[in-house]
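One is the number of the first residue; the rest follow in order along the sequence. These figures come from a predicted structure and were not determined experimentally.
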Amino acid sequence: MLTTERTVLQFTPTPSSTSLSAKVHPLVIFNICDCYVRRSDQAERVIGTLLGSILPDGTVDICNSYAVPHNESSGQVALDIDYHHNMLLSHQKVNPKEVIVGWYSTGLGVTGGSALIHDFYSREVPSPIHLTVDTGFRNGDTAIKAYVSVNLSLGENQLAAQFQEIPLDLRMVEAERVGFDILKTTTVDKLPNDLEGMETSMQRLLVLIDDIYKYVDDVVEGRALPDNDIGRYLAEAVSSLPILSPQVFDKLVNDNLQDNLLLLYLSSITRTQLSLAEKLNTAAQIL
């Protein structure tokens with residue numbers, strides 16, 4: 001049980017406030033939203049542990065997460081610490097490079113109980129990240145922010161916990177962005193299948209290629225100033241493309257399509273077998 005009477009302050013980022021930054025993978029956002037949907041009726045928000053690593057440039061790379069049962073009432077917060085440690089051991093057996101980098105909560109910004117939970121994670125890891133995900137779509141979009149906490153004190157007396165927002169990078173590959181864009185919308189008719197997702201990705205790719213063509217033409221004809229960084233990115237992108245003939249490319253696509261169809265067929269057979277076995281087991285128990 002965690003209790004405190006300290007004040008919680010939330011500040012917007014300033015250029016000189018902190019040099020710390022974080023990068024979050026889409027899997028973490030999906031896990032958080034899934035935990036929020038599956039929460040109990042009494043829970044107003046869900047919290048959990050963030051796992052990841054520290055990149056060479058000092059950026060906190062958040063690549064995994066898991067929920068931690070908790071209870072908040074009348075200025076007190078109760079965490080299931082045993083569950084938290086057991087889940088951490090299980091995750092590190094699969095990927096020992098993932099360590100605790102902070103914790104997350106659903107909701108818009110920090111709350112009074114955030115300082116209590118942050119104190120606990122400060123004992124688990126130095127300078128933990130606090131990630132907030134607005135699953136209520138209060139602003140018509142999913143607001144995802146990251147914070148660090150600094151204790152404000154006067155002499156030996158701690159006056160408040162200052163949560164300072166830090167830069168958060170949500171870069172992702174195109175395949176991940178398709179799912180994330182669907183997750184951001186408040187309503188959706190249906191989930192796209194593989195072909196629809198590929199079609200959306202190809203349309204965005206064609207738009208990007210048109211923008212690149214326009215930029216290169218403007219630079220060549222003197223309508224725009226050249227940028228060395230953009231030139232290096234374009235050179236790296238072109239050099240990373242494999243040199244394949246149209247026939248070889250078509251064969252690769254068709255082989256991949258056949259593999260996917262085979263997996264769908266096998267999964268359908270497995271589902272039918274499980275349903276039949278369940279009915280036979282039920283009939284045997286009745287007899």
Side-chain angles (χ1 to χ4, degrees), residues 2 8 10 22-52 60-88 90-91 94 98 100-121 124-125 128-149 163 165-166 168-172 175-192 197:
L2 307 173
V8 177
Q10 177 180 336
K23 176 181 178 181
V24 61
H25 290 240
L27 174 63
V28 177
I29 308 302
F30 296 153
N31 286 342
I32 294 174
C33 293
D34 181 68
C35 293
Y36 181 78
V37 172
R38 298 172 185 271
R39 77 192 189 281
S40 61
D41 296 336
Q42 296 79 14
E44 296 183 358
R45 66 171 181 167
V46 295
I47 67 170
T49 302
L50 298 175
L51 301 176
V60 179
D61 186 26
I62 307 170
C63 56
N64 208 342
S65 65
Y66 59 85
V68 177
H70 82 296
N71 185 26
E72 297 182 66
S73 61
S74 63
Q76 297 181 343
V77 179
L79 296 177
D80 193 337
I81 299 177
D82 292 336
Y83 178 89
H84 159 69
H85 288 153
N86 291 334
M87 286 294 295
L88 177 62
S90 300
H91 276 269
V94 179
E98 291 184 356
I100 298 176
V101 295
W103 66 287
Y104 72 81
S105 68
T106 57
L108 188 61
V110 298
T111 64
S114 298
L116 297 171
I117 304 172
H118 202 85
D119 283 343
F120 167 74
Y121 280 94
E124 297 284 301
V125 60
I129 300 293
H130 176 30
L131 185 73
T132 61
V133 179
D134 179 21
T135 53
F137 299 96
R138 294 176 177 83
N139 299 324
D141 199 358
T142 305
I144 305 172
K145 297 182 179 181
Y147 300 89
V148 293
S149 176
F163 280 85
E165 185 179 350
I166 63 174
L168 181 65
D169 188 2
L170 289 173
R171 287 181 302 176
M172 59 193 78
E176 296 172 328
R177 187 173 296 278
V178 172
F180 185 74
D181 290 343
I182 295 174
L183 184 65
K184 290 194 303 182
T185 57
T186 56
T187 58
V188 60
D189 296 331
K190 67 182 185 68
L191 294 177

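- Distance CZ/F30 to OG/S65: 11.5 Å, rounded to 0.5 Å.
- Interatomic distance, R45 CZ to H70 NE2, rounded to the nearest 0.5 Å: 5.5 Å.
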Go through it in stages, so that I can follow the logic: the residues are T49 and Y121, the test is side-chain contact (heavy atoms from CB on, under 4.5 Å), and I'd like the CA-CA distance, side-chain angles, deciding distance and then a yes or no. CA-CA 9 Å; T49 302; Y121 280 94; 2.7 Å; yes
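- Atom-to-atom distance recorded for I32:CD1 and I29:CD1 is 5.0 Å, nearest 0.5 angstrom.
- Across all non-hydrogen atoms, the minimal contact from A146 to I129 is CB-CG2, 4.0 Å.
- Between the side chains of H25 and D61, at least one donor N or O lies within less than 3.5 Å of an accepting N or O.
- Donor-acceptor pairing under 3.5 Å is lacking for the side chains of H130 and S149.
- Shown here are the side-chain contact (heavy atoms from CB on, under 4.5 Å) partners of D80, two or more places apart in sequence or in another chain: P69, D82, Y83.
- A heavy-atom distance below 4.5 Å is not found between the side chains of Y147 and H118.
- Judged by distance alone, the side chain of T106 and the main-chain N or O of V46 form a donor-acceptor pair under 3.5 Å.
- Residues L79 and I47 are in side-chain contact: their nearest non-hydrogen atoms beyond the backbone lie under 4.5 Å apart.
- Classified by interplanar angle (parallel below 30°, tilted 30° to 60°, perpendicular above 60°), the ring pair Y66/H91 is parallel.
- Here the CG atom belonging to L27 is positioned 12.0 Å from the CD1 atom belonging to I62, to the nearest 0.5 angstrom.
- Looking only at side-chain heavy atoms (C-beta outward), L51 and V28 stay at 4.5 Å or farther from each other.
- Atom CG of L50 is separated from atom CD of E98 by 11.0 Å, given to the nearest 0.5 angstrom.
- Summarising the geometry of G52 relative to C63, their closest heavy-atom pair is CA-SG, 3.7 Å, with the distance given to 0.1 Å.
- Distance check: W103 CH2 to L131 CG gives 10.0 Å after rounding to the nearest 0.5 Å.
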